[in-house]
There are 2 protein chains.
Amino acid sequence: MTSFTEENYLKIIYKLSAETDNEISTNAVAELTQTKAASVTDMLRKLSEKQLVSYQKYQGVRLTEKGEKVALMVIRKHRLWEVFLVNKLGFNWDEVHEIAEELEHINSDELVQRLDEFLGFPQCDPHGDPIPNRHGLMPELGYKNLSEITVNQQVVMMGVAQHSTNFLQYLAKIGLNLGAKIKIIEINDFDKSLTIKIGVKKECFLSNEVAKNVLVKAIKMD
Amino acid sequence: MTSFTEENYLKIIYKLSAETDNEISTNAVAELTQTKAASVTDMLRKLSEKQLVSYQKYQGVRLTEKGEKVALMVIRKHRLWEVFLVNKLGFNWDEVHEIAEELEHINSDELVQRLDEFLGFPQCDPHGDPIPNRHGLMPELGYKNLSEITVNQQVVMMGVAQHSTNFLQYLAKIGLNLGAKIKIIEINDFDKSLTIKIGVKKECFLSNEVAKNVLVKAIKMD
DNA sequence: ATATATTTTTAGATTAGTCTAAAATTTACT
DNA sequence: AGTAAATTTTAGACTAATCTAAAAATATAT
Ligand SMILES: [Mn+2]
Ligand SMILES: [Mn+2]
Ligand SMILES: [Mn+2]
Ligand SMILES: [Mn+2]
């Protein structure tokens, strides 16, 4: 069995692994777990003994297949609970992360399976993140960052690549909600900032920093 | 803040207190927490420092008002989650206790409030146990034990006073489900065992031990 | 009332997870 | 290559929750 704490470490190593092909450093893990490097070293040795990570001292860490499976199941639970909180209990999408952070450690395969069914087998969570299926397979949603879209293309907002309350509330303020239709009016060459049109009414200015964190889907022109 | 473990101790002391007006013994707590008396002593000193119980060594323990409030909120969460698992996810009533045992420690007033609303503010859980309201008030449901009912009285099964899987499956086997109409045909003077009629069809024999753990409501004759 | 049995507490140890400070290793920079 | 800086690991300590074994207190039974 994996403890609450071990699961959080595995999840964080998984997230860091998505951004690179290299081994993950002790310090990177320490930053996300909000602990000190010394604590991380202890835990990595422990996870290594349990065959959940491959780790040699001073050489960084990598998930084993077994460890990745555990991480994916925790992420699956996290995202399913987020869907529950937003779709069934009416929470706002910027209020659910902390609660899901606790719920993700509840231990019952039967529960997860039934919850998934109750929610209608959703493909992604309220932030647009894909939900691994019961086998740990992450669905390919094919979303792009708004920063990769070219001028005049029409897209629909599908999610975010960052979950901070700050960011989510900023999006709410400028009226950029899930499902919003977006058209790129102009791209500023110098700083890659954008002028976009949201729906039919609003024009709006976006920094590249924001655009990189907005996930969109191209509208099919058929 | 109260930890997972502290909450379990408080809940157990609450349950034991319901059966007596006296102080609760260290051993009684140890039995239900599945720990040793020495561990209980340590925890009681700690809970006492936090003003959650009143405790003097060798004299047993009692919840303070503050401790009772915490216990009631844990019980509230436990029972609400049980309702969710049965009514929304389709679990059987004998499958939900262990899962609720974990869910009851999730920490968010907002979550509990919204869950309560989502479930339609239920008065009792799938076992017929009353659900404390947000102020910690336990609704008076006025259910009686089947063992207290007199011959020829008509009653409806509303719950159970015991949650063991064994017991619940036995009830299922003899067809004694929530909402079943029961009529007492005969009471055996010697061992207080009962012959009852369930619904219109079945006659059935019940030991006093079973009858004591079946909760019923008298049918209004109007 | 005294001796015996039971219950409860203390003393000392263990495990998981964390910390600080110091030592070891790796990386980066002349 | 040689030194300085940064990273990582070890050593030793702490807290929460638990245990066993021994001591202390309470309850029970002659
Ligand atoms: Mn977590
Ligand atoms: Mn999410
Ligand atoms: Mn519990
Ligand atoms: Mn119950």
Side-chain angles (χ1 to χ4, degrees), chain A residues 1-13 16-17 19-63 67 70-71 74 101-102 104-107, chain B residues 1-13 16-17 19-63 67 70-71 74 101-102 104-107:
Chain A
M1 262 299 81
T2 45
S3 71
F4 186 102
T5 310
E6 289 166 346
E7 288 185 355
N8 280 336
Y9 273 90
L10 292 173
K11 200 178 62 165
I12 276 163
I13 298 168
L16 289 167
S17 302
E19 292 158 24
T20 172
D21 281 337
N22 301 322
E23 276 81 15
I24 306 306
S25 75
T26 301
N27 267 349
V29 176
E31 195 177 339
L32 291 203
T33 50
Q34 317 229 61
T35 60
K36 296 301 155 77
S39 311
V40 174
T41 299
D42 285 347
M43 181 55 84
L44 294 185
R45 193 172 320 102
K46 190 175 154 204
L47 292 173
S48 181
E49 269 159 31
K50 287 193 167 190
Q51 320 255 35
L52 293 163
V53 302
S54 58
Y55 165 69
Q56 272 149 272
K57 52 170 153 167
Y58 294 107
Q59 305 307 306
V61 69
R62 220 179 252 286
L63 292 180
V70 174
V74 176
E101 207 57 44
E102 296 193 49
E104 72 190 1
H105 304 290
I106 302 288
N107 232 319
Chain B
M1 262 298 79
T2 44
S3 71
F4 186 103
T5 310
E6 289 166 348
E7 287 184 355
N8 280 338
Y9 273 89
L10 291 173
K11 200 178 65 165
I12 276 164
I13 297 168
L16 288 167
S17 301
E19 292 159 23
T20 171
D21 281 338
N22 301 323
E23 276 81 15
I24 305 305
S25 75
T26 301
N27 267 348
V29 176
E31 194 177 340
L32 291 204
T33 50
Q34 317 230 60
T35 62
K36 295 300 156 76
S39 311
V40 174
T41 300
D42 284 348
M43 181 55 83
L44 294 185
R45 192 172 322 102
K46 190 177 151 204
L47 292 173
S48 180
E49 267 158 33
K50 288 192 167 191
Q51 321 255 35
L52 292 164
V53 303
S54 58
Y55 164 68
Q56 273 149 271
K57 52 170 151 166
Y58 294 106
Q59 303 309 305
V61 67
R62 219 180 254 287
L63 292 180
V70 174
V74 176
E101 207 57 44
E102 296 193 49
E104 73 189 0
H105 303 289
I106 303 288
N107 231 321

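Within every chain, numbering begins at 1; the chains are lettered A, B, ... in the order of the sequence lines, protein sequences first and strands thereafter.
The phosphate of C:dT7 (OP1 or OP2) has no side-chain N or O of B:Thr26 nearer than 4.0 angstrom. Residue B:Asn27 places none of its side-chain N or O atoms closer than 4.0 Å to OP1 or OP2 of C:dT6. The shortest distance between the side-chain N/O atoms of B:Thr41 and the OP1/OP2 oxygens of C:dT9 is below 4.0 Å. The side chain of B:Tyr9 contributes no N or O atom lying less than 4.0 Å from OP1 or OP2 of D:dA16. In this model, the phosphate group of D:dT9 is not approached by any side-chain N or O of A:Arg45 to a distance below 4.0 Å at OP1 or OP2.
Following rounding to the nearest Å, B:Gln56 (CD) and C:dT10 (P) show an atom-to-atom distance of 13 Å. Taking atom CE of residue B:Met1 and atom P of nucleotide D:dA16, one finds them 15 Å apart after rounding to whole Å. One interatomic measurement links the two molecules: CG of B:Asp42 to C1' of C:dT14, which rounds to 13 Å at whole-angstrom precision. Atom CG in B:Asn8 sits roughly 14 Å away from atom C1' in D:dA16 (whole-Å rounding). Atom CE of A:Met43 and atom P of D:dT10 are 16 Å apart (whole Å). Residue B:Glu23 contributes atom CD, which lies 12 Å from atom P of C:dT8 at whole-angstrom precision.
For B:Thr41, there are no side chain to side chain donor-acceptor pair (under 3.5 Å) partners, not counting sequence neighbours. For B:Glu31, the salt bridge (Lys or Arg N to Asp or Glu O under 4.0 Å) test picks out no residue, with sequence neighbours left out. Listed by chain and residue number, nothing satisfies the salt bridge (Lys or Arg N to Asp or Glu O under 4.0 Å) test with B:Glu7 (two or more places apart in sequence, or in another chain). Checked against side chain to side chain donor-acceptor pair (under 3.5 Å), A:Glu23 has the following partners two or more places apart in sequence or in another chain: A:Arg62.
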_Stepwise side chain to side chain contact (heavy atoms under 4.5 Å, CB included) test for B:Ile13 and B:Leu44_ = CA-CA 10 Å; B:Ile13 297 168; B:Leu44 294 185; 4.1 Å; yes
*Given side chain to side chain contact (heavy atoms under 4.5 Å, CB included), test B:Ile24 with B:Ile12 step by step and report yes or no.*
CA-CA 10 Å; B:Ile24 305 305; B:Ile12 276 164; over 6 Å; no
Which atom pairs, donor and acceptor, lie under 3.5 Å between side-chain atoms of residues 47-59 of chain A and protein residues at least two apart or in another chain?
from	atom 1	to	atom 2	distance (Å)
A:Lys50	NZ	A:Met1	O	2.9
A:Lys50	NZ	A:Glu6	OE1	3.1
A:Lys50	NZ	A:Glu6	OE2	3.0

Please report, to 0.1 Å, the donor-acceptor pairs under 3.5 Å made by any side chain of residues 32-40 of chain A, with sequence neighbours excluded.
from	atom 1	to	atom 2	distance (Å)
A:Thr33	OG1	A:Val29	O	2.9
A:Thr33	OG1	A:Ala30	O	3.3
A:Thr33	OG1	A:Thr35	OG1	2.8

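For the atom pair B:Glu102 CD and B:His105 NE2, the distance stands at 8.5 Å (nearest 0.5 Å).
With distances taken from any side-chain atom of B:Ser39 to the nucleotides D:dC19, D:dT8, C:dA21, the minimum falls on D:dC19.
Contact check of residues 28-36 of chain B against DNA chain C (heavy atom, cut-off under 4.0 Å) returns no residues at all.
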Under 3.5 Å, N/O pairs linking protein and nucleotides 22-28 of chain C:
from	atom 1	to	atom 2	distance (Å)
C:dT25	O4'	A:Tyr58	OH	3.4

